Amino acid sequence: MNTIIQAIVFLPLIGFLIAGLFGTSIGAKASEYVTCGFMIIVAVLSWIVFFNVAIGETEMIKVSVMRWIQSGSFDAEWAFRVDTLTAVMFVVVNTVSCLVHIYSIGYMHHDPNRPRFFAYLSLFTFAMLMLITSDNLLQMFFGWEGVGLASYLLIGFWYKKPSANAAAIKAFVVNRVGDFGFALGIFGVFVLFGSINLETIFAAAASYLPAEGAHGGGEAVINLFGMHLDKAHAVTAICLLLFMGAMGKSAQFLLHTWLPDAMEGPTPVSALIHAATMVTAGVFLVARMSPLFELTEDARTVVVLIGAITAFFAATVGLVQNDIKRVIAYSTCSQLGYMFVALGVGAYGAAIFHLFTHAFFKALLFLGAGSVIHAVDGEQDMRFMGGLRKHIPWTYGLMFVGTIALTGVGVPGTIIGTAGFFSKDAIIESTFASHNVLSGLAFTLLVVAALFTSFYSWRLTFMTFHGEPRASHEVMHHVHESPKVMLVPLIILAIGALLAGVLAHEYFFGHDYAHFWQGALFTLPENELLEEYHHVPLWVKWSPFCAMALGLITAWYMYIRSPETPKYLADQHRVLYQFLLNKWYFDEIYDFLFVRPAKRLGTFLWKEGDGRVIDGYGPNGIAARVMDVTDRVVRLQTGYLYHYAFVMLIGIAALVTWMMLGSSF
């Protein structure tokens, strides 16, 4: 098993090195075959590990790679930690990445830089694998920054487009804000527990806070930003700093602005970022550190609040977006909010369950959108689509499956339902059943978000595939179905979007919860939340279904039955429409508060500080003075003999005068 785990982690790295270093020499086809071949092997091995570790009886596996850093009491070994949580992430990351690699063979067929693209994809996968297999927080930070680098390279892959460069820089900078919090959180963990090794942290956390001291008091153990914090408040502060890192990577409210702009990269990149790699890293971090988060109700309440606001905010923005990829991007942002609410109320299994199912249907929707864009010659605006159902029936059918999975179509109280039905309803019902002070607010916002999700998802389907064609005759004449190399990955993802929920719900958040997770997630005593989750009122179980049905009916009426209604409503509520269309004006606000002042400060420091002061009085100033002196000296070198004779006479006269004056004294 150790060899299998090492192969899973290092084969994508080898693929990256071969395609990245030798892609020009071996050619694009060979680069595709090497990277895709390695990913197929890795995906198969990931399922083997999953069935052995998660479903089977194999306990947590630790694979030592090498000694890394030792300094005094600080010891960070490079090792792979593989428990049920890692095994689940193996399946998510490598299955989706494998299918994205294969899909990209068809989608990127005409791009001249395919070796570089496939190298970046494999690098992205390797970085995420380093993150999810980490045995200590420093190793996790290495993978954390690795996925940030890879996302920068992939979002800006078409670097000749200014918008792609801007989006890549934006993603990189916004994530640095969150990463600053994550780094401080790691420092704080080391101060509190004397180690960054996960096993040591979890063992110490179990007895870190005595019951009577859980609400504060006691001697200060850490000084953070001038605040002297006792054990309870220190843990809260550390968890909030770790969550700040998760907010950046998982695009939560206030640090979400980079995610929609990430659509500037090729569509397969969007699928990989949104379904399996970068944005799931924050959810993984909080789930991994669940024993620490369980020590602080205040930090988990903040997680619930941010998650609920994100789910609602992103869903409202998705209602009016016209770019097919941006609608799905805001859907991702909203669904991540669901996951964080589950983490905040202690339903860690439900959060990872939704991460697991979401990977299938979100990758399906993004790659399906790529198939649509491929069919209509690069068009992404849904207002110039319509009527594509008969032209690309396979893409339509597969995106339909993704839509019913995202909206959570299913019958409450039965095993009839799509993947999203089981996982999203588990989060909503767990939120209602929890005792968190914000559970009522979060439950309401999640149900409303479910309504909006249904509306914008079906709006996308109706605008893209139904009604009369709105594209030009020339575009419609060339509309064609995608090749098999693009459709086969969609079919596999569609199977997961339909069956992952019904097959896995008892393991992730059902009766087999404790046996499945085997301590990889914090487990409430006697599965308290699970018991309450199974006994919520009937109206709670049916509320997501009713929200989904209402969203479907409304979208059908507005885009099939009465297509003039949306324009009428937009005209009648112009302020609200512009507010949502401009994404609550966050970009404009951040531009005013942060970007412009930073640019003004940078310009001032450049021109005044660097140009006038440093260069003016430093290298340039000294050089200028030397030039002045040499210019004057050069004037003495005239080349005329009588000038030199005159200077010699003056010198002799000065010497004689000096000697006469000296002898007189």
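The shown structure was predicted, so the numbers you read here are calculated from the model rather than taken from an experiment. Computed from heavy atoms alone, side chains included, the values below leave out hydrogens, waters and symmetry copies.
Atoms OG and CZ, on Ser250 and Phe243 in that order, are 8.5 Å from each other to the nearest 0.5 Å. Atom NZ of Lys424 sits about 11.0 Å away from atom CE of Met339, to the nearest 0.5 Å. Rounding to the nearest 0.5 Å gives a distance of 6.5 Å between CH2 of Trp158 and CG of Asp111. Rounding to the nearest 0.5 Å places CG of Leu259 at 10.0 Å from CD of Gln252. Between Asp323 atom CG and Leu460 atom CG the span is 10.0 Å, to the nearest 0.5 Å. The NZ atom of Lys62 sits 5.5 Å away from atom OG of Ser64, with the distance rounded to the nearest 0.5 Å.
Side-chain contact between Met1 and Val49 is present, with at least one heavy-atom pair separated by less than 4.5 Å. Put simply, the side chain of Phe187 does not reach to within 4.5 Å of the side chain of Leu241, judged on heavy atoms. Contact check for Ile352 versus Trp517: side-chain heavy atoms found under the 4.5 Å cut-off. In this structure the side chain of Ile201 reaches within 4.5 angstrom of the side chain of Leu137, judged on heavy atoms. Between Leu521 and Tyr513, the closest side-chain pair of non-hydrogen atoms falls below 4.5 Å. Side-chain contact between Leu292 and Phe522 is absent, with no heavy-atom pair separated by less than 4.5 Å.
Close placement of the Phe10 and Phe80 rings is indicated, their centers lying within 6.0 Å of each other. Residues His358 and His274 keep their aromatic ring centres 6.0 Å or farther apart. Checked against a 6.0 Å centroid threshold, the rings of Phe422 and Phe353 do not count as neighbours. Taking the six-membered ring for Trp and the full ring otherwise, Trp144 and Phe284 have centroids separated by 6.0 Å or more.
In this structure, the side chain of Thr464 does not engage the main chain of Thr461 through any donor-acceptor pair within 3.5 Å. When atom types are taken as modelled, the side chain of His101 and the backbone of Ser97 share a donor-acceptor pair closer than 3.5 angstrom. Remark: the backbone N or O of Ala275 is not paired with any side-chain donor or acceptor of Lys362 at under 3.5 angstrom. In this structure a side-chain-to-backbone donor-acceptor pair under 3.5 Å is missing from Asn136 to Leu198. Between the Ser134 side chain and the Leu131 main chain, a donor and an acceptor come within less than 3.5 Å of each other. In this structure, the side chain of Gln139 engages the main chain of Ala79 through a donor-acceptor pair within 3.5 Å. Side-chain atoms of Ser270 never come within 3.5 Å of backbone atoms of Met263 as a donor-acceptor pair (strictly under, hydrogens ignored). Between the side chain of Asp135 and the main chain of Trp78, no donor-acceptor pair closer than 3.5 Å is present.
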Donor-acceptor contacts, no H, no angles, side chain residues 11-28, under 3.5 Å, sequence neighbours left out:
none

Donor-acceptor pairs under 3.5 Å, side chain of residues 497-510 to any protein atom, not counting sequence neighbours: which ones?
unit_1 : atom_1 : unit_2 : atom_2 : d
His505 : ND1    : Gly501 : O      : 3.2
His505 : ND1    : Val502 : O      : 3.2
Glu506 : OE1    : His511 : N      : 2.9

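Other residues, nucleotides and ligands contribute only 12 or fewer heavy atoms inside 6.0 Å of the CZ atom of Phe180. Heavy atoms from other residues, nucleotides or ligands lying under 6.0 Å from NZ of Lys484 number 12 at most. Within a 6.0 Å sphere centred on CG of Asp377, other residues, nucleotides and ligands contribute 12 heavy atoms or fewer.
Using a 30° and 60° split on the angle between ring planes, His354 and Tyr338 fall in the tilted class, from 30° to 60°. Taking the six-membered ring where tryptophan is involved, the planes of Tyr107 and Tyr103 are essentially parallel, since the angle between them stays under 30° and well short of 60°.
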(request) Applying salt bridge (Lys or Arg N to Asp or Glu O under 4.0 Å), run through Arg81 and Glu199 and close with a yes or a no. (result) CA-CA 10 Å; Arg81 176 191 180 93; Glu199 206 65 49; 2.7 Å; yes

(request) Step by step, work out the side-chain contact (heavy atoms from CB on, under 4.5 Å) result for Val88 and Phe516. (result) CA-CA 11 Å; Val88 170; Phe516 178 75; 4.0 Å; yes

(request) Dump the intermediate steps for ring-ring contact (aromatic ring centres under 6.0 Å, His included) on Phe117 and Phe157, then the final yes or no. (result) CA-CA 7 Å; Phe117 179 77; Phe157 177 75; 5.2 Å; yes

(request) May I have the step-by-step check of side-chain contact (heavy atoms from CB on, under 4.5 Å) for Met39 and Thr125, ending in yes or no? (result) CA-CA 9 Å; Met39 282 312 307; Thr125 306; 3.8 Å; yes

(request) Please step through side-chain contact (heavy atoms from CB on, under 4.5 Å) for the pair Met89 and Leu355, ending with a clear verdict. (result) CA-CA 9 Å; Met89 295 301 295; Leu355 185 155; 3.7 Å; yes

(message) Show, in sequence, the C-alpha distance, side-chain angles and deciding distance for Leu493 and Leu99, and conclude whether the side-chain contact (heavy atoms from CB on, under 4.5 Å) test is met.
(response) CA-CA 8 Å; Leu493 290 169; Leu99 297 175; 3.5 Å; yes

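Under the 6.0 Å distance and 45° angle rule, Arg326 does not count as a cation-pi partner of Tyr330.
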